[in-house]
Amino acid sequence: MVKSKDFFQVVEERRSMRAFAPTPVEAEKLKRILEVVNRAPSAGNLQGYEIFVVRKAEQKQALVKAAYDQQFIAEAPLVLIFCANPARSAVRYRERGENLYSVQDATIACTYAMLAATALGLSSVWVGAFDEQAVRRAADIPADLTPVAMLPVGYASELPPATPRRSLDEIVHER
Ligand SMILES: Cc1cc2nc3c(=O)[nH]c(=O)nc-3n(C[C@H](O)[C@H](O)[C@H](O)COP(=O)(O)O)c2cc1C
């Protein structure tokens with residue numbers, strides 16, 4: 001059983017990582033991350049998303065190009081691509097499922113993966129800036145799926161400082 005960190009420690013320690021060591025991600029750790037993702041909530045429990053695991057150097061280079069030259073994507077030993085599956089959510093929820101729930105499902109799934117990776121001593125970074133069609137081409141993703149987020153995962157090769165946040169007073173509105 002892989003050891004993991006306490007939830008609040010995970011939240012405190014997580015950073016967007018843009019520098020990865022070449023050390024591979026253990027199969028057991030990837031499995032645990034994906035099992036955590038599979039416990040995420042989803043609209044109507046339909047799980048309106050699909051995940052693609054990319055490891056090949058050539059495909060990662062194509063993802064770098066698709067993401068406007070974000071080179072660190074190719075440094076990570078693996079990249080998870082979270083895609084909305086609009087048709088899956090539309091079966092029960094029509095337009096709302098197609099346009100919103102499937103995207104939310106994929107987003108929550110990626111968030112779970114990000115936190116699970118940190119809990120297991122790995123690092124990651126959410127990549128949202130990319131050309132959808134180029135990502136589909138790079139990872140052979142079917143046209144009916146919408147890439148929502150890419151998550152390069154690996155071992156950190158630097159320790160970035162924590163980033164600032166808005167104050168809760170500014171964000172939270174009592175009514
Ligand atoms: C929807 C979304 C899209 C993002 N896209 C990118 C991206 O394309 N490239 C990148 O380097 N970071 C990206 N990030 C990471 C943010 O820049 C980062 O989370 C933010 O600056 C806070 O820093 P932290 O994650 O270290 O706390 C994205 C984050 C989110 C949630």
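Ligands are counted one by one from 1 in listed order, and the atoms in each one are counted from 1 as well. Every value quoted in this text rests on a predicted model; they were computed, and no experiment measured them.
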Could you list the atoms of ligand 1 found under 4.0 angstrom from a heavy atom of Val127? 5 (N), 6 (C), 7 (C), 8 (O)
Of all protein heavy atoms, the one nearest atom 23 (O) of ligand 1 is Thr163 OG1, 3.2 Å
Protein contact to atom 5 (N) of ligand 1 [nearest heavy atom, distance to 0.1 Å]: Gly128 N, 3.0 Å
Would you confirm whether Asn85, through its side chain, and Gly48, through its main-chain N or O, come within 3.5 Å as a donor-acceptor pair? no
Would you mind telling me if ligand 1 is within reach of the side chain of Arg165, the backbone, both or neither, using heavy atoms under 4.0 Å? side chain
Between Phe130 and ligand 1, which part of the residue brings a heavy atom under 4.0 Å of the ligand: side chain, backbone, both or neither? neither
Just verifying a value: how many Å separate His173 NE2 and Leu168 CG, rounded to the nearest 0.5 Å? 10.5 Å
Taking only non-hydrogen atoms of Arg15 and a 4.0 Å limit, the atoms of ligand 1 in range are 26 (O)
Nearest non-hydrogen protein atom, atom 25 (O) of ligand 1: Ser16 OG, 2.5 Å
Return a yes/no value for Ala129: is any of its N or O atoms, backbone included, closer than 3.5 angstrom to an N or O of ligand 1? yes
I'd like to check atom 3 (C) of ligand 1 in this structure: does the protein have a heavy atom lying under 4.0 Å from it? yes
Flag the pair Cys110 / Val148 as yes when at least one side-chain heavy-atom distance between them is below 4.5 Å, and no otherwise. no
Could you tell me, atom by atom, which parts of ligand 1 come under 4.0 Å of a heavy atom of Arg14? 24 (P), 25 (O), 27 (O)
Under 3.5 Å between any N/O of Phe72 and any N/O of ligand 1: does that happen in this structure? no
Closest non-hydrogen atoms of Met114 and Ser124, given as atom of the first, atom of the second and distance, are CG-OG, 3.5 Å
Atom 21 (O) of ligand 1 sits nearest the protein heavy atom Arg18 NH2, 4.5 Å
What distance do Arg137 atom CZ and Leu63 atom CG have between them, rounded to the nearest 0.5 Å? 11.5 Å
Starting from atom 14 (N) of ligand 1, what is the nearest protein heavy atom, named by residue and atom, and what distance separates them? Trp126 O, 3.0 Å
CD1 of Ile73 to CZ of Phe20: how many Å apart, nearest 0.5 Å? 9.5 Å
Working to the nearest 0.5 Å, report the span between CD1 of Ile81 and CD1 of Ile51. 11.0 Å
Using 0.5 Å steps for rounding, measure from the CD atom of Glu28 to the CG atom of Leu120. 9.0 Å
Measure the distance from atom 9 (N) of ligand 1 to every protein heavy atom, then report the residue, atom name and distance (to 0.1 Å) of the closest one. Gln70 OE1, 2.7 Å
Tell me, which pairs form a salt bridge (charged side-chain N to carboxylate O under 4.0 Å, His left out) where one or both residues lie in residues 56-66, sequence neighbours left out? Lys65-Asp69
